Amino acid sequence: QVQLVESGGGLVQAGGSLRLSCAASGRTFANYAMAWFRQVPGKERDFVAAIKWSGDSTYYADSVKGRCTISRDYAKNTVYLYMNSLKPEDTAVYYCAARPSAIVTMNPSTYNYWGQGTQVTVSS
């Protein structure tokens, strides 16, 4: 069974940085697309970034492009989201997601597996 466990969220001042981690287990993720989404109460879950587990292709939402970097560590079966120059509007619960396909999408309904989420709060 696929398990995704996020960590690394917290409270940070505007302009600061965080690194979120998503530890994946349960199977081989060689043909998976991995993504980060975020959600604030009362709003839809929004795409943040994605990466193909095999390969170097990365994808970013316009709102975070240039401030975020997604990467993965094969040995640790972990996906990371580095976030810099954080803004109060980045405050949200951040979710890691996985989809058994080499095709990356920005639609959360196409991802089969989800972590429990980690809260990121950016103070002004």
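These figures come from a predicted structure and were not determined experimentally. Residue numbers count from 1 along this sequence.
The shortest side-chain heavy-atom distance between V93 and T118 does not fall under the 4.5 Å cut-off. Side-chain contact between W114 and C96 is absent, with no heavy-atom pair separated by less than 4.5 Å. Side chains of V48 and Y94 form a contact here, defined as non-hydrogen atoms less than 4.5 Å apart. Side-chain contact between R38 and S63 is present, with heavy atoms from C-beta onward closer than 4.5 Å. Put simply, the side chain of V12 does not reach to within 4.5 Å of the side chain of S123, judged on heavy atoms. Side-chain contact between Q39 and D46 is absent, with no heavy atoms from C-beta onward closer than 4.5 Å. Side chains of D90 and R67 form a contact here, defined as non-hydrogen atoms less than 4.5 Å apart. Using a 4.5 Å cut-off on side-chain heavy atoms (C-beta onward), Y60 and T69 make contact.
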Just distance, no hydrogens or angles: give the donor-acceptor pairs under 3.5 Å from side chains in residues 78-88, sequence neighbours left out.
from, atom 1, to, atom 2, distance (Å)
T78, OG1, K76, O, 2.8
N84, OD1, S17, OG, 3.1

Report task. Might you work through the side-chain contact (heavy atoms from CB on, under 4.5 Å) test for M34 and I70, ending with a clear yes or no? Result -> CA-CA 9 Å; M34 307 294 294; I70 187 171; 5.6 Å; no

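By the ring-ring contact (aromatic ring centres under 6.0 Å, His included) test, Y32 is found to be paired with F29, residues two or more places apart in sequence or in another chain being considered. A search for ring-ring contact (aromatic ring centres under 6.0 Å, His included) contacts involving Y111 returns F37, not counting sequence neighbours.
To the nearest 0.5 angstrom, E44 atom CD is 10.5 Å from S109 atom OG. One finds the OG atom of S7 at 8.5 Å from the CD atom of Q116 (value rounded to the nearest 0.5 Å).
No hydrogens or angles considered: nothing links the side chains of N107 and T105 as a donor-acceptor pair under 3.5 Å. Neither side chain, T91 nor T121, offers a donor N or O lying under 3.5 Å from an acceptor on the other.
No more than 12 heavy atoms of other residues, nucleotides or ligands lie within 6.0 Å of CD in Q3, so this atom counts as exposed by the packing criterion.
Residues V120 and G9 come closest through the heavy atom pair CG2-CA, 4.1 Å.
Taking hydrophobic clusters as Ile, Leu, Val, Met, Phe, Trp and Tyr residues chained together by side-chain heavy-atom distances below 4.5 Å, W36 does not share a cluster with V104. Both W53 and V2 belong to a single network of hydrophobic side chains, linked directly or stepwise wherever heavy atoms of I, L, V, M, F, W or Y lie under 4.5 Å apart. L18 and I51 fall within a single hydrophobic cluster, where Ile, Leu, Val, Met, Phe, Trp and Tyr side chains are chained together by heavy-atom contacts under 4.5 Å. Linking Ile, Leu, Val, Met, Phe, Trp and Tyr residues whenever their side-chain heavy atoms come within less than 4.5 Å leaves Y95 and V122 in two separate clusters.
Between the side chain of R99 and the main chain of N112, no donor-acceptor pair closer than 3.5 Å is present. With hydrogens and angles disregarded, no donor-acceptor distance shorter than 3.5 Å links the side chain of T28 to the backbone of A30. Side-chain atoms of N77 come within 3.5 Å of backbone N or O of A24 as a donor-acceptor pair. Judged by distance alone, the side chain of E6 and the main-chain N or O of C22 form no donor-acceptor pair under 3.5 Å.
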